[in-house]
**Student:** 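Sharing a structure below in structure tokens format, with a few things to ask.
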Amino acid sequence: MQKYAMIFLTVLIACQGPSDDLSSVPIVEPVDLVEPMVDAANSRWFFFNSATRPFGMVNLSPDMIINGAWNSGYRYHQDTIRCFSHIHAWQLSGVPVLPTTGTFKGHLGPDAYGSSFSHQSEEARPGYHQVLLKDYQIDAELTSTTRVGFHRYTYPESSESHITIDLTTHLGPCDTRSGFIRKVSDTELAGYALMAGTRRRPKDTYVYFAIEFDQPFEHFGCWQNGALVGGDQIEGSRVGGYVSFATAREEERLMKVAISYVSEDQARLNMATELHHW
């Protein structure tokens, strides 16, 4: 390989005219050649990659079609985003979230609270995904470290703004058997999603998570089986949680979601190690 590189360099120099200036030639890195939208129209949930590191545990991106295997996940020709999931892996998914405004509808399911969008208000490149949720006029930006998803949501003025964590959905053959979400403080949530075993991954798998917000939320709520319930935590099948707050026009809210297959404490350690700042 080194020999061929030297031959190429020799030919390049020989072809230079006396006035040629290689400093004006743009430098192209391998990452500049990556196109996330390849195979985004008709494929499966784990092929699309945008807000992720190479071989990252967190693979954060929008999902248009859920609760299915083939033709699920990010689908280019669909018009509704139902959630942003943190895991898009073979036989595994987990921790779907979505920001919304107005009357809370998270307990009614992704078909009720999902949002339309347009590719004209979207940008996807390696390690980053931005999209405008048209129904809520929320500009969502996603990026990640290896084990932490990082969200920036720019809200409109609203007396009712929310972020939903829905543990009732799944991608591929990987259903969410049960979940747990608890309020740790007015800036932190924690819990797990127990992803049901599949034919190729026969054992149930815990996905632990720790969530931090850069500003306090005003209210924490939760639901089970489509009905809102009180309390500072929820555990069982078909559960979810959400935080609510008021926002001014173009107010930014930041959120970090760290995951672990070991424990809640390990998820916190992953956040402290990889993304201790905002």
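Given the structure is predicted, the values throughout are model-derived calculations rather than measurements.
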**Student:** Report the distance from atom CD1 of Ile211 to atom CD1 of Ile165, rounding to the nearest 0.5 Å.
**Tutor:**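 One gets 4.5 Å once the value is rounded to the nearest 0.5 Å.
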
**Student:** If only side-chain N and O atoms count, and only distance matters, is there a donor-acceptor pair under 3.5 Å linking Tyr192 with Glu264?
**Tutor:**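 There is no such pair between these side chains.
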
**Student:** For Tyr155 and Phe245, take the angle between the two ring planes, folded into 0 to 90°, and tell me which bin it lands in: parallel under 30, tilted 30 to 60, perpendicular over 60.
**Tutor:**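 Rings of Tyr155 and Phe245: perpendicular, as their planes differ by over 60°.
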
**Student:** In Å and rounded to the nearest 0.5 Å, what is the OG to OH distance from Ser178 to Tyr206?
**Tutor:**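 Here the interatomic distance stands at 6.0 Å.
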
**Student:** If you measure from CG on Asp265 to OH on Tyr208, what distance do you get to the nearest 0.5 Å?
**Tutor:**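 With rounding to 0.5 Å, CG (Asp265) is 10.5 Å from OH (Tyr208).
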
**Student:** Can a donor-acceptor pair be found between the side chains of Thr145 and Glu274 at a distance below 3.5 Å?
**Tutor:**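 Glu274 and Thr145 do have a side-chain donor-acceptor pair below 3.5 Å.
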
**Student:** For the ring pair Tyr242 and Tyr113, is the centre-to-centre distance below 6.0 Å?
**Tutor:**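 No, the ring of Tyr242 stays outside the 6.0 Å limit from the ring of Tyr113, centre to centre.
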
**Student:** A side-chain contact here means heavy atoms from C-beta on lying under 4.5 Å apart; do Glu160 and Ser244 qualify?
**Tutor:**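 A side-chain contact is absent here, since even the closest heavy-atom pair is not under 4.5 Å.
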
**Student:** Would you check if the distance from the ring center of Phe104 to the ring center of His219 is below 6.0 Å?
**Tutor:**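 Not under 6.0 Å, so no.
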
**Student:** Between the side chain of Lys256 and the main-chain N/O of Met271, is any donor-acceptor distance below 3.5 Å?
**Tutor:**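 The answer is no, because no donor-acceptor pair under 3.5 Å joins these two groups.
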
**Student:** Got a salt bridge between Arg82 and Asp111, using NZ or NE/NH1/NH2 to carboxylate O under 4.0 Å?
**Tutor:**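 The answer is yes: the pair qualifies as a salt bridge.
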
**Student:** Report yes if the side chains of Ile181 and Cys222 come closer than 4.5 Å at any heavy-atom pair, otherwise no.
**Tutor:**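 With C-beta onward as the side chain, the pair stays apart.
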
**Student:** Hey, do the aromatic rings of Phe117 and His119 have their centres closer than 6.0 Å?
**Tutor:**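 Centroid separation for Phe117 and His119: below 6.0 Å.
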
**Student:** Give a yes or no answer on whether the side chain of Asn270 reaches the backbone of Ile259 with a donor-acceptor pair at less than 3.5 Å.
**Tutor:**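 Yes; judged by distance alone, with no hydrogens or angles, the pair exists.
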
**Student:** Nearest 0.5 angstrom please: Thr247 OG1 to Arg253 CZ, how far?
**Tutor:**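 So the gap between those two atoms works out to 7.5 Å.
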
**Student:** Ignoring hydrogens and angles, tell me if any N or O in the side chain of Ser115 forms a donor-acceptor pair with the backbone of Asp135 under 3.5 Å.
**Tutor:**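 Looks like yes, one N/O pair under 3.5 Å.
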
**Student:** Please confirm whether the backbone N or O of Ala190 pairs with a side-chain atom of Arg182, one donor and one acceptor, at under 3.5 Å?
**Tutor:**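 Not confirmed, Arg182 side chain does not pair with Ala190 backbone.
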
**Student:** Within the distance-only criterion (no hydrogens, no angle test), does the side chain of Thr187 pair as donor or acceptor with the backbone N or O of Pro216 below 3.5 angstrom?
**Tutor:**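 No, the answer is negative, given that no donor and acceptor are paired below the 3.5 Å cut-off.
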
**Student:** Is atom CD of Glu252 surrounded by more than 12 heavy atoms (other residues, nucleotides or ligands) closer than 6.0 Å?
**Tutor:**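 Result for CD/Glu252: enclosed.
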
**Student:** Treating Thr143 as the side-chain partner and Gly127 as the backbone partner, does any N or O pair qualify as donor plus acceptor under 3.5 Å?
**Tutor:**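 Yes, because the side chain of Thr143 sits within donor-acceptor range (under 3.5 Å) of the backbone of Gly127.
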
**Student:** Does either side chain, that of Thr101 or that of Ser158, offer a donor lying less than 3.5 Å from an acceptor on the other one?
**Tutor:**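 No, no side-chain donor-acceptor pair sits under 3.5 Å.
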
**Student:** Could you check whether His170 and Asn67, counting side-chain N and O atoms only, form a donor-acceptor pair closer than 3.5 Å?
**Tutor:**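 Looking only at side-chain atoms, His170 and Asn67 do form a donor-acceptor pair, the distance falling under 3.5 Å.
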
**Student:** Does the side chain of Asp79 pick up a donor-acceptor pair with the side chain of Ser116 at under 3.5 Å?
**Tutor:**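 Note: Asp79 and Ser116 side chains miss the donor-acceptor criterion.
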
**Student:** Report the distance from atom NE2 of His129 to atom OG of Ser61, rounding to the nearest 0.5 Å.
**Tutor:**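 Rounded to the nearest 0.5 Å, the NE2-OG separation comes to 7.5 Å.
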
**Student:** Do any N or O atoms from the side chain of His107 and from the backbone of Leu228 form a donor-acceptor pair under 3.5 angstrom?
**Tutor:**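 Pair absent, no side-chain N/O of His107 close to backbone of Leu228.
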
